[in-house]
Amino acid sequence: MPVIEHQQFIKAPVKLCFDLARNVDIHTQTTSKTKEKAVGGVTEGLLEEGDTVTWEAIHFGIKQRLTAKVTLMEKRHKFVDIMVKGAFHSFVHTHKFIEEAGGTIMINKFQYKSPFGLIGVVADKLFLEKYMRLFIVSRAKALKKIAEEMD
């Protein structure tokens, strides 16, 4: 099961970073390259524990839908969402926020299992893990830019 971990320092308060990371509207803004939009469940505002959201996006030239559920929420410090329906076999995405002098360290840990058994493992090695890493890093950098402009 591939695990992607990325840390991003943001010159903004931890509360702002935490709220931006769970904001559906900001998520859409930070994933504009894949034309991601919320089409079911919570479609705007802040996600809370127990909420589900269905995202529609274009990945690899194919329109896809994925439904995620927020399973844990520790305000200002951590939230976890899991896939309940979508292209992956499964995933767990943990978002952590650590207050530092002058800002926040945002840590994304994305653990996933590809579908299709051995074919999925090969896809991970050939392109999927790299694609997902770039997606997570790109979103983190976009969120950093928004947070630092707001602060």
Side-chain angles (χ1 to χ4, degrees), residues 2-73 75-98 100 103-115 120 123-151:
V3 177
I4 298 166
E5 194 161 328
H6 177 259
Q7 293 188 20
Q8 181 72 60
F9 180 77
I10 303 171
K11 289 186 237 175
V14 70
K15 182 183 183 326
L16 176 61
C17 297
F18 181 83
D19 286 347
L20 289 174
R22 64 192 181 105
N23 186 305
V24 173
D25 307 294
I26 296 298
H27 183 97
T28 301
Q29 189 177 334
T30 60
T31 56
S32 61
K33 289 179 184 173
T34 56
K35 299 183 172 125
E36 199 151 327
K37 61 183 175 182
V39 295
V42 177
T43 58
E44 59 184 25
L46 300 179
L47 292 168
E48 299 290 350
E49 187 169 338
D51 286 348
T52 60
V53 58
T54 300
W55 300 105
E56 185 177 270
I58 298 173
H59 295 282
F60 305 110
I62 302 166
K63 188 183 282 188
Q64 300 179 37
R65 285 194 175 194
L66 181 144
T67 302
K69 180 176 183 171
V70 178
T71 59
L72 176 74
M73 179 81 58
K75 294 281 173 122
R76 296 187 183 180
H77 302 290
K78 178 179 173 181
F79 70 95
V80 177
D81 59 283
I82 63 167
M83 187 196 81
V84 293
K85 187 176 180 184
F88 292 98
H89 179 272
S90 62
F91 79 60
V92 177
H93 188 177
T94 303
H95 311 254
K96 288 185 183 177
F97 304 83
I98 301 168
E100 282 282 318
T104 302
I105 297 175
M106 179 177 70
I107 303 168
N108 280 286
K109 183 177 180 184
F110 186 76
Q111 299 172 271
Y112 71 95
K113 185 174 180 184
S114 297
D124 286 337
K125 297 298 178 207
L126 291 177
F127 63 89
L128 187 57
E129 188 173 351
K130 181 180 180 184
Y131 178 85
M132 291 309 302
R133 181 174 302 281
L134 289 172
F135 182 80
I136 287 167
V137 170
S138 171
R139 182 163 186 274
K141 287 181 178 179
L143 199 140
K144 171 186 172 73
K145 186 174 189 285
I146 292 167
E148 290 178 351
E149 288 173 356
M150 292 178 82
D151 187 43

What closest approach, in Å, do Leu143 and Cys17 show between heavy atoms, and which atom pair accounts for it? CD2-O, 4.2 Å
What residues form a ring-ring contact (aromatic ring centres under 6.0 Å, His included) with Phe135, not counting sequence neighbours? His59
Side-chain donor-acceptor contact under 3.5 Å, Arg139 with His27: yes
No-hydrogen, no-angle side-chain donor-acceptor test under 3.5 Å, Arg65 and Thr54: no
Show your reasoning for whether ring-ring contact (aromatic ring centres under 6.0 Å, His included) applies to Phe97 and His77. CA-CA 5 Å; Phe97 304 83; His77 302 290; 8.9 Å; no
Distance check, rounded to the nearest 0.5 Å: His93 atom NE2 versus Thr71 atom OG1? 12.0 Å
Which value, rounded to the nearest 0.5 Å, describes the distance between Ile4 atom CD1 and Leu128 atom CG? 7.5 Å
In this structure, CG of Leu46 is separated from CZ of Phe79 (nearest 0.5 Å) by 10.0 Å
When you measure from the side chain of Asp81 to the backbone N and O of Lys69, does any donor-acceptor pair fall under 3.5 Å? no
In terms of heavy-atom contacts, Pro115 and Ala87 come closest through CG-O, 3.0 Å
Could you state the interatomic distance from CE (Met106) to CD (Glu100), rounded to the nearest 0.5 Å? 14.0 Å
For Glu44, give me all partners under salt bridge (charged side-chain N to carboxylate O under 4.0 Å, His left out), at least two apart in sequence or on another chain. none
Between Lys75 and Glu48, which heavy-atom pair has the shortest distance, and what is it? NZ-OE1, 3.0 Å
Classify the ring geometry between Phe91 and Phe110 as parallel (under 30°), tilted (30 to 60°) or perpendicular (over 60°). tilted
Please find the pair of heavy atoms, one from Glu129 and one from Val3, that lie closest to each other, and give the distance. OE2-O, 4.4 Å
Is there a donor-acceptor pair under 3.5 Å between the side chain of Thr28 and the backbone N or O of Val24? yes
Do Ile26 and Ile146 come close enough that some side-chain heavy atom pair is under 4.5 Å? yes
Any donor-acceptor pair under 3.5 Å linking the side chain of Glu49 with the backbone of Met73? yes
Measure the shortest side-chain to side-chain distance between Asp124 and Tyr112 over non-hydrogen atoms and say whether it is less than 4.5 angstrom. yes
Answer yes or no: does atom CZ of Arg133 have more than 12 heavy-atom neighbours from other residues, nucleotides or ligands under 6.0 Å? yes
Between Met83 and Phe88, the two heavy atoms sitting closest are CE-O, 2.9 Å
Contacts under 3.5 angstrom, residues 6-15 side chains, donor-acceptor by atom type, not counting sequence neighbours:
from  : atom 1 : to    : atom 2 : distance (Å)
Lys15 : NZ     : Asp19 : OD2    : 2.7

